[in-house]
Amino acid sequence: MPLGAGQANGTCKRKKTRRDGSNSMVKMMMYRTRSFRQWELGFLLLYAAAFYAVVIDRSLHLSDNHCEKLRGLRPGWISGRLNDISDAQWRNFRENLPILTVVLGFFTIVANILRYWYNLRGRGMSFIWILTSLSYLSYLHGACVGYIISIASLNFFMAKVFARSKYYLGMLWVFNLAILIVNRIYEGYSFSLFGQQLEFLDNYRGTFRWHICFNLVILRMISYGCDYHWSYEKPFFDHKKHMQRCNICSSGKTCYFSLQERSIHGEKYSFSMYLCYLIYAPLYIAGPIVSFNAFAAQMDMPQKNYSLGQIIRYGLKWILTLLLMEAMTHFFYYNAFAVSGSWRHLSPLEILIIGYGVLNFMWLKFFLIWRYFTFWSLMTGIETPENMPRCINNCYDLETFWKSWHASFNKWLVRYMYIPLGGSQRKLLNVWAIFTFVAVWHDLEWKLLSWAWLTCIFFAPEILIKSCSNAIQVRSAFGMCIQRELSAIAGAVTISCLMVANLAGFVMGPSGIKWLISRLLHKDGLPILGGTFTTFYVGTKLMIHIRDAKKHNQLKDH
């Protein structure tokens, strides 16, 4: 053998040995990392179990020891305990659930029979739902239905006259914001304001304040106006490109995003379809919010993404969740503490437990209300974006939290505010306009504005940190470990900020937050503050494990 060949052969063997050694080192590192993460997951689960055991025990003691001082408790049906129905929204929904279910069943049966018997599509079904929805609104609002029809007609007239103008979107927003504010200031208007001869109509205002429900109608009026205005512009939605990336559309079905973005025929922007969209009974009281384009498309061609069996299972899951809510309000009186103002007599730890409980109560309340009306809408052929797609205890950054809370409203805000205002290029400025609008849309209260602006303040660092982390590519195992730890710490900070913002907005108010922070910064409060932050850190690490497991399963499926 020539000498050069032997040297080359020896060199190849040494390179192969080095590669084998480096591969074995990588495998060893991966094995150790996997082993460490398994041990870490076990510790996190034990910590979580201990945390919830403490929270449940302290919550039970708090509820039992203070029940005589709390407002909003009524005799319950579980183990002879009192039931917390201090939240007016939950109380009204719960008490009206039987009659609402009768209405749901009757309207659904009538609408579906007429649809299939006469083969009705968009225009025909819009008239059916206008008649049924007007009877529903007449019971809710009585003579005040006239206000709804009048304002809706003005908005429609403005759209038909000015929709092609470049100033129309500004006019649309000014008109609807003015209506929103004036409705609140005048509390739905007394009929006597328009003359003594109409004063008798104040005795026929129905069972539900119309201007509260009208907040959702305003969102729909803006949606109609924007979609109609954009229908005159060149479409920018690439349906073929979307189908390549969307699992739903590539399977032969149609996703909500596609329904929303695809342009519809000009005749769909008629007054009958518009009015049907505004007062559509299944979504009128609480939503979820659906865009006009998506609604009109499904009124013509009912949704096919959910089979009848899936809709029935959806309803059964809702019943199980209702039972969970009943158990929670019978044993833990979180909202009654917030309503009664009794939190001032509690320790900082107990206040934090109450605040955490209130957030979970609110999440479950809205989950039940929105899923109920989503179920009704699905039964009539209209699919909506799913509100509350993720549990409140599985969100460790503000962006994910808001995408998962009122998800349909979030989609509305992105389409009709965030993108027109400049999108991600002006993200830091956009959040101020969007959250201020959200606060005013909910109610004209200082504590809601303080909640909105606190959220914006907390949002800014998260946006900057995310943009920096996305620019850094981490490849080594050590670098990934550091990134996970930093993510967990950032998540703990975010959850703390979220707790403060929501306690200010929905439990204690800004003055109460100042009092709580001053208590926590004392010597006796510092251990509680440290323990709370540690708990949020552990919770974030657990959420990261859950998301990593989901990604791993998705990769295995593909």
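Between Arg71 and Ser86, the shortest heavy-atom contact is O-CB, 3.6 Å. Among all heavy-atom pairs drawn from Gly422 and Asn430, the shortest one is C-ND2, 4.1 Å.
A donor-acceptor contact shorter than 3.5 Å links the side chain of Asp87 to the backbone of Gln89. Remark: the backbone N or O of Phe337 is not paired with any side-chain donor or acceptor of Ser340 at under 3.5 angstrom. Side chain of Asn394 to backbone of Arg390: no donor-acceptor contact under 3.5 angstrom is found. Judged purely by atom type and a 3.5 angstrom limit, Ser408 has no side-chain atom pairing as donor or acceptor with the backbone of Pro288. Side-chain atoms of Gln310 do not come within 3.5 Å of backbone N or O of Arg313 as any donor-acceptor pair. A donor-acceptor pair is defined here as one N or O able to donate and one able to accept, closer than 3.5 Å; no such pair exists between the side chain of Thr384 and the backbone of Thr374. With hydrogens and angles disregarded, a donor-acceptor distance shorter than 3.5 Å links the side chain of Trp412 to the backbone of Leu219. His442 places no side-chain N or O within 3.5 Å of a backbone atom of Leu448 that could act as its donor or acceptor partner.
In this structure, the separation between CD1 on Ile285 and CD1 on Ile369 is 9.5 Å, given to the nearest 0.5 Å.
Checked against the 6.0 Å centroid criterion, the rings of Trp376 and Tyr372 do not qualify as a close aromatic pair. Between Phe409 and Trp441, the distance from one ring center to the other falls under 6.0 angstrom.
Side-chain contact of Tyr52 with Asp57: a donor-acceptor pair under 3.5 Å is absent, judged by distance alone. For the 3.5 Å distance criterion, the side chains of Asn393 and Tyr356 qualify, holding a donor opposite an acceptor. In summary, the side chains of Asn305 and Glu383 do present a donor paired with an acceptor at a separation below 3.5 Å, with no hydrogens or angles considered. At a cut-off of 3.5 Å, with distance as the only test, no side-chain donor of Glu261 or His242 sits close to an acceptor on the other residue. Under 3.5 Å, the side chains of Ser63 and Tyr334 contain no donor-acceptor pair of N or O atoms.
When each of Arg58, His61, His66 is checked for a side-chain contact (heavy atoms from CB on, under 4.5 Å) with Glu350, only Arg58 meets the rule.
With contacts defined as side-chain heavy-atom distances shorter than 4.5 Å, the pair Glu40/His545 qualifies. Residues Phe257 and Ile248 have side chains not in contact (no heavy-atom distance under 4.5 Å, counting atoms from C-beta outward).
Comment: Asp84 does not engage Arg91 in a salt bridge, judged by the lack of any side-chain N to carboxylate O separation of less than 4.0 angstrom. Using a cutoff of 4.0 Å between basic side-chain nitrogens and carboxylate oxygens, Glu326 and Arg94 are scored as salt-bridged.
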Item to check | Chi angles and distances behind the side chain to side chain contact (heavy atoms under 4.5 Å, CB included) call for Val290, Leu259 | outcome: CA-CA 10 Å; Val290 58; Leu259 290 171; over 6 Å; no

Next on the checklist: Under the criterion side chain to side chain contact (heavy atoms under 4.5 Å, CB included), I'd like the reasoning laid out for Leu316 against Leu320: C-alpha separation, chi angles, the key distance, then a yes or no.
Outcome noted: CA-CA 7 Å; Leu316 292 174; Leu320 293 175; 5.9 Å; no

Item to check | Audit row: Phe43, Trp39, ring pair (Phe, Tyr, Trp, His ring centres under 6.0 Å) steps and yes/no | outcome: CA-CA 6 Å; Phe43 168 77; Trp39 280 100; over 10 Å; no

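Between Phe437 and Trp173, the ring planes lie perpendicular to each other; the angle is over 60°, past the 30° to 60° tilted range. Taking the six-membered ring for Trp and thresholds of 30 and 60 degrees, Trp370 and Phe366 have nearly parallel ring planes, at less than 30 degrees apart.
Val414 meets the side chain to side chain contact (heavy atoms under 4.5 Å, CB included) test with Asn410, Tyr418, Ile419; sequence neighbours excluded.
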